[in-house]
Amino acid sequence: MRRNAPVKDGTQDQLDAVTLGQFLGALPPEVSVVNDAGAAEVPLRWVEPSELDDPTPYLMDGEFVLTAGLPFRGGGSSEAKADGYVRRLVAAGVAALGFGLEPYYDAVPDHLVQACRRHGLTLVEVPASVPFAALGLEFSKLLESGNARVFRQLAETNRHLMRAVLSARPEHELLAALIQRVPVWAVLVGSDGRVRARAGAAVGLSQLQPLLKKLLGGSGPRVETETLEATGGPVLVFGHPLRSTRDATLGSLVLGTEKPLTPAQNNVVSSVVGLLELLVRQRTSGSLAPSQLATALLLRPESLSGGNSRELNSLQDLLAQSVSGTRPGPVRVVQGVRAEPSTAMADGPVRELLQWRRFFDTKMVELTDYGFAAVTRLKVDETLLAEVEQLGWRLVVGEPTELPGLAAAYRRASALRPRVATARESLREEELTWSVTGLLGSDAGALLAARLLAPVLELDAERRASQLRVLRSWLGAHGSWDATAKDLGLHRNSVRRQINGVAELLGIDLGQAQARAELWIALQYVDDAEPADPA
């Protein structure tokens, strides 16, 4: 018997699953390989103990089955039992069999060893000192560390893909990045059937013609697959159509591989397909709408107000295309504010711009010093709002408007943005109370009260309450001494003396209408205010 050689746990360029070799290399040295069927590179799905005579109905392919030998005991030929048992495991795609010593056997039966050699199944001896649970725990640890490694690799891969998109030859660089991380060759074909880019050793284009015919002639999201014969053996070929927003086929990505891809590798393929679709859509007429709209408005800004109806309708059509709509309709201005400075994306402005385009399904996005501004046809429902807020952002969501009202809608959103930044809460313009206090908000109002009324708020509780009561009554009576005296039950001279004292304490000229207005607003929030920090 020999011990399986440990597998080095180095960072690899290509994404892959936990293999049988990695698992065996991580086990205690007491566990030994009795029969090596050369399956070290086989992906391992799970470790499953079972004492059933036939566990295969309950197994998935790629499992490591553990048994203490109970299926081989009882009447009948032991050799026949072992042969049938192993044959069923191999047919079910089991990666390896672990045989535990004790309580039934003190060594692996020879007839089981022979059956494993005959049918090509890796057999592992597990001594009594190593419980089956320990093997399952070791696999879980390896799976967890493997998942963490895959997540790191996926993050690095996505950064690599984004750099490829921004290169001088984005399509070629994307395919090169793909085959570096996923064991495939790749061919990018245009809608005319001609090769636009390729990476890796691909089969001849003539062999791909039946697959390309199905890809370019079909509709809807799909994946077409075929098995082709190549020099090194059969190759699994699968193709992805690259589609426009209106489901026109703009091209195809065809990939070839000798073995099925792992979920992580398929994730990378999906990202590449999405980026290629984005690139090819830039060459379609619909994607030119934002530049046409911007050119018209820059050169003829009067077309929004002084232009004829035909010209305005044309601009509204361009706006609809720019926000991924099929017909002109109301749009909204959305402004995003970072709740924390750390919410700025580390991968750069292009990644951030693409993110907001995807979120709001629009090409009309601008990155700004405070965050971003977007024009969208979406209503920005609670689900979308929650998703954006989870990323550390807060939104001003404007009311629906048409193209001529966009500039005014942007100004209204900009006026509300400071309130969102201060309160760190998103708001919808249509739910807002249009008053000074409604626009100011409780947080900003409390801050105003704390600043303007600080000398009064620092007095002892009795004097503070008295002076605030006199000031509130006097301002509510529009500065009338007699009305204030009647309201408070005081002599008018007493009211005059107290108001003059408040004005002197606050350092404010109460003869100015603006000063009285600001104090009246501040008084609405005084209960929430704290004295201002002297510093």
Side-chain angles (χ1 to χ4, degrees), residues 12-17 43 45 146-167 170-191 196-200 202 208 211-212 214-216 218-226 235-284 287 324 345 347 350-359 361 387 391:
Q12 302 174 351
D13 283 341
Q14 292 189 346
L15 300 162
D16 213 339
R45 189 188 295 268
N147 286 340
R149 184 183 69 251
V150 167
F151 288 143
R152 290 194 300 271
Q153 290 176 324
L154 283 175
E156 176 58 31
T157 297
N158 286 334
R159 286 191 287 269
H160 196 175
L161 296 179
M162 292 309 303
R163 288 194 294 269
V165 169
L166 299 176
S167 67
E171 294 169 339
H172 294 79
E173 293 297 328
L174 269 175
L175 297 193
L178 172 63
I179 68 167
Q180 182 182 350
R181 302 305 173 100
V182 180
V184 295
W185 50 256
V187 178
L188 177 64
V189 180
S191 58
R196 294 187 58 86
R198 66 170 72 223
L208 300 178
L211 180 66
L212 290 174
K214 290 190 289 185
L215 286 169
L216 298 176
S219 63
R222 62 201 184 280
V223 179
E224 303 287 355
T225 61
E226 281 189 6
V235 176
L236 177 63
V237 179
F238 48 101
H240 299 264
L242 306 178
R243 302 175 301 126
S244 72
T245 54
R246 299 180 181 178
D247 200 30
T249 301
L250 306 176
S252 301
L253 174 65
V254 180
L255 306 176
T257 180
E258 296 178 356
K259 60 181 181 179
L261 301 183
T262 66
Q265 292 166 348
N266 279 317
N267 184 292
V268 176
V269 170
S270 297
S271 297
V272 171
V273 171
L275 291 172
L276 286 173
E277 279 193 340
L278 179 65
L279 289 172
V280 297
R281 286 175 182 177
Q282 294 302 314
R283 291 192 293 271
T284 65
S287 66
S324 303
M345 294 191 66
D347 291 330
V350 173
R351 180 75 176 274
E352 188 170 0
L353 186 66
L354 292 176
Q355 172 185 254
W356 299 130
R357 282 186 169 195
R358 178 178 62 82
F359 267 103
D361 197 18
E387 191 174 356
L391 295 176

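Both backbone and side-chain heavy atoms feed into the values below; hydrogens, waters and symmetry mates do not.
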Taking atom [atom1] of [X] and atom [atom2] of [Y], what is their separation to the nearest 0.5 Å?
{"X": "Leu391", "Y": "Phe359", "atom1": "CG", "atom2": "CZ", "result": "5.0 Å"}
{"X": "Leu255", "Y": "Ile179", "atom1": "CG", "atom2": "CD1", "result": "10.5 Å"}
{"X": "Arg222", "Y": "His240", "atom1": "CZ", "atom2": "NE2", "result": "11.5 Å"}
{"X": "Gln265", "Y": "Thr257", "atom1": "CD", "atom2": "OG1", "result": "7.5 Å"}
{"X": "Thr225", "Y": "Lys214", "atom1": "OG1", "atom2": "NZ", "result": "7.0 Å"}
{"X": "Leu279", "Y": "Leu242", "atom1": "CG", "atom2": "CG", "result": "9.5 Å"}

For the residue pair [X] and [Y], what are the closest heavy atoms and their distance?
{"X": "Leu211", "Y": "Gly239", "result": "CD2-N, 4.2 Å"}
{"X": "Leu253", "Y": "Ala186", "result": "CD1-CB, 4.3 Å"}
{"X": "Ala199", "Y": "Ala176", "result": "CB-N, 4.2 Å"}

Quick check on side-chain contact (heavy atoms from CB on, under 4.5 Å): which of Leu275, Leu276, Val269 does Val272 satisfy it with?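 Of all the options given, the one that passes is Leu276.
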Run the side-chain contact (heavy atoms from CB on, under 4.5 Å) test on Leu261 and Val184 for me, step by step, so that the C-alpha distance in whole Å, both residues' side-chain angles and the decisive distance to 0.1 Å come before the verdict. CA-CA 9 Å; Leu261 301 183; Val184 295; 4.0 Å; yes
side-chain contact (heavy atoms from CB on, under 4.5 Å), that's the test. Do Val189 and Leu215 meet it? Break it down for me. CA-CA 10 Å; Val189 180; Leu215 286 169; over 6 Å; no
Taking only residues two or more places apart in sequence, or in another chain, which ones meet Arg45 in a side-chain hydrogen bond (donor to acceptor under 3.5 Å, both in side chains)?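 In terms of side-chain hydrogen bond (donor to acceptor under 3.5 Å, both in side chains), with neighbours along the sequence ignored, Arg45 is linked to Asp61.
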Please answer whether the main-chain N or O of Arg243 pairs with a side-chain N or O of Glu277 as donor and acceptor at a distance below 3.5 Å.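 Between the backbone of Arg243 and the side chain of Glu277 there is a qualifying donor-acceptor contact (under 3.5 Å).
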